[in-house]
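Below, each value reflects all heavy atoms present in this structure, side chains not excepted, and no hydrogens, waters or symmetry copies. Sequential numbering from 1 along the given sequence is applied to the chain's residues. Order of listing sets the numbers, starting from 1, for every ligand and every atom in it.
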Amino acid sequence: MTEQGFRAAYPLIVGWIKKTLVEHAAAARPVASFGFNRLPDYYVAQLLASSKAVVVSRVPMPPLSAMGLDRFRDFEQMNAGGMTFFDTYFVRADHARDESLHFHELVHVIQWRLLGLERFLACYADGLERFGYRRSPLEVMAFRLQGRFQREAQPFSVDAACQKLMRELTGHGDKTVAPDPI
Ligand SMILES: [Zn+2]
C-alpha cells in the first residue's frame with residue numbers, strides 16, 4: 001500500500017473503529033469478568049481489567065473495499081472468530097468461552113498499545129497486503145504465542161515476549177507509547 005493510499009484510508013478506518021466501539025460500548029465486558037483460569041498467569045491484572053471483550057454473533061469487520069481498499073476484500077469477508085480494535089476485541093459467540101482465543105486477541109491488545117493506533121494499522125495493513133492474513137507478521141506473532149499457551153504448561157509474560165518480538169519486527173518495541181485517544 002502506498003503512503004498516499006494509507007493516508008487516504010486511515011481517517012476512514014479510525015472513524016469506523018470509533019463508531020463501532022461506541023455502538024458496542026454497553027456490551028463490552030472487562031476480560032477479567034470472564035473468570036478464565038490461566039490468563040492471569042500470562043497477563044498482568046491491570047491489562048485483564050482494562051481490556052474489554054464484546055461477544056457478538058458476527059465479528060464486525062471494517063468495510064475496507066468501500067474505503068477504496070479492494071484488495072482486502074477477502075479479509076473483510078472473513079467470518080473471524082475474534083478481532084481486536086485497540087483495547088477492545090470482538091469474539092464470536094461460539095468462541096466466547098475459548099480461553100485460547102481470548103489469549104490470542106490479548107496479544108493484539110498489547111500490539112496496539114506498543115505500536116499506537118497509526119503504526120498498528122500501517123503495520124497490519126502492510127503485512128496483510130504482502131503476506132496475507134495468516135502469514136502477516138502481527139498475526140504470526142499472535143499465533144506463535146498462542147501456540148505456546150496451548151502446548152506449554154509453564155506460564156510466561158506475554159508482555160515481555162511481545163516487546164521482544166516487536167523489537168525484532170520493528171526495532172521499536174522497547175518502549176510503550178502513550179495510547180492515541182480514541
Ligand atoms: Zn489475530
Side-chain angles (χ1 to χ4, degrees), residues 1 9 13-14 16-17 20-21 24 28-31 34 36 38-39 42-43 47-48 50-64 69 71-152 156-170 172-173 176 179-180 182:
M1 184 191 270
I13 297 173
V14 171
W16 180 88
I17 291 173
T20 302
L21 292 181
H24 292 86
R29 292 169 50 190
V31 179
F34 283 77
F36 287 117
R38 293 179 64 202
L39 293 183
Y42 294 80
Y43 293 100
L47 186 95
L48 296 177
S50 64
S51 307
K52 287 158 279 182
V54 186
V55 178
V56 285
S57 55
R58 188 175 174 92
V59 171
M61 300 293 278
L64 299 173
L69 302 171
R71 56 200 176 284
F72 296 122
R73 195 178 287 275
D74 286 352
F75 174 74
E76 177 186 330
Q77 290 175 350
M78 187 171 76
N79 186 9
M83 185 64 58
T84 302
F85 301 106
F86 205 56
D87 64 352
T88 300
Y89 56 85
F90 291 85
V91 184
R92 215 171 62 203
D94 54 327
H95 286 289
R97 298 302 311 162
D98 181 349
E99 189 169 17
S100 175
L101 184 101
H102 287 259
F103 177 98
H104 176 108
E105 300 307 326
L106 286 166
V107 173
H108 290 314
V109 170
I110 292 176
Q111 292 172 337
W112 278 92
R113 211 184 55 198
L114 288 174
L115 291 173
L117 193 59
E118 183 170 343
R119 283 174 57 220
F120 179 94
L121 287 171
C123 186
Y124 199 90
D126 181 63
L128 200 58
E129 183 166 45
R130 288 165 62 199
F131 306 107
Y133 164 73
R134 191 61 179 78
R135 291 178 181 278
S136 62
L138 293 176
E139 285 301 341
V140 168
M141 191 187 300
F143 280 112
R144 192 167 145 190
L145 295 172
Q146 184 185 8
R148 285 184 62 188
F149 176 75
Q150 289 169 335
R151 284 190 314 270
E152 300 173 12
F156 57 92
S157 162
V158 181
D159 198 59
C162 275
Q163 293 200 34
K164 180 172 180 290
L165 293 168
M166 199 65 86
R167 264 197 303 276
E168 291 167 12
L169 185 65
T170 67
H172 289 99
T176 300
D180 299 318
I182 187 165

**OP:** Kindly say whether the aromatic ring centers of His108 and Tyr89 come within a distance under 6.0 Å.
**Re:**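 No - the distance between ring centres of His108 and Tyr89 does not fall below the 6.0 Å cut-off.
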Subject >> Leu128 side chain near Phe72 side chain, heavy-atom distance below 4.5 Å >> reply: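 Side chain of Leu128 against side chain of Phe72, heavy atoms only: contact under 4.5 Å found.
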[X]: partners by salt bridge (Lys or Arg N to Asp or Glu O under 4.0 Å), with sequence neighbours left out:
| X | value |
| --- | --- |
| Arg73 | Asp70 |
| Arg38 | none |
| Glu129 | Arg71 |

**OP:** Give me the protein N, O or S atoms that fall under 2.8 Å of the Zn ion (ligand 1), sorted by chain and residue number.
**Re:** His104 NE2, His108 NE2, Glu139 OE1, Glu139 OE2
Subject >> Tyr124 side chain vs Ser136 backbone, donor-acceptor pair below 3.5 Å >> reply: no
